[in-house]
Amino acid sequence: MTTQLTRSASESTTPMGTLILHPVRDGLWRVSARNGTVLGHIERRPTPDGDRYSARRLVFATLTREVGEFWHLADAADCFR
């Protein structure tokens, strides 16, 4: 599946199969299911070797769990499927 992913909060939401990435601010996306359920967040973190994408799953209304760090935004989004 080839999808152009949003990198900036000024751009629109990005559908990715059964998920939607909503830009919150530059480098931060809210991940939700098609039915609107918020699943968590993905944050871009610059490193000397390139950008990394940290995925955090929403456990309760205000509690998140770190899922992992990935080299690609699409890989970080896959952990929410």
To the nearest 0.5 Å, how far apart are [atom1] in [X] and [atom2] in [Y]?
X	Y	atom1	atom2	value
H41	L28	NE2	CG	5.5 Å
R30	R25	CZ	CZ	12.5 Å
L58	R65	CG	CZ	11.5 Å
L19	F80	CG	CZ	8.5 Å

Given 3.5 Å as the limit, does a donor-acceptor pair link the side chain of R56 with the main chain of E43, or not?
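Side chain of R56 to backbone of E43, a donor-acceptor pair under 3.5 Å: no, none is there.
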* From CA spacing to verdict: side chain to side chain contact (heavy atoms under 4.5 Å, CB included), E69, Y53 -> CA-CA 5 Å; E69 285 199 359; Y53 297 89; over 6 Å; no
Heavy-atom check, side chain of L73 versus side chain of W29, under 4.5 Å |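 Side-chain contact under 4.5 Å: yes.
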- Query: Can you tell if the side chain of V31 reaches within under 4.5 Å of the side chain of R57, non-hydrogen atoms only?
  - Reply: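 Counting from C-beta outward, V31 and R57 never come under 4.5 Å.
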- Task: Could you check I42 against F70 for side chain to side chain contact (heavy atoms under 4.5 Å, CB included), going step by step and ending with a plain yes or no?
- Result: CA-CA 10 Å; I42 298 174; F70 305 88; over 6 Å; no
Notebook entry, point to check: Does the side chain of T37 come under 3.5 Å of the side chain of N35 through a donor N or O and an acceptor N or O?
Noted result: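 Checked: T37/N35 side chains pair up, N/O donor to acceptor below 3.5 Å.
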Nearest heavy-atom pair of A55 and C79: which atoms, and what distance?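 Minimum heavy-atom contact is CB-SG, 3.6 Å.
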Exercise. Of all the heavy-atom pairs spanning D51 and P46, show the shortest one and how long it is.
Key: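 Scanning both residues completely, I find the closest heavy atoms to be OD1-CA, 3.6 Å.
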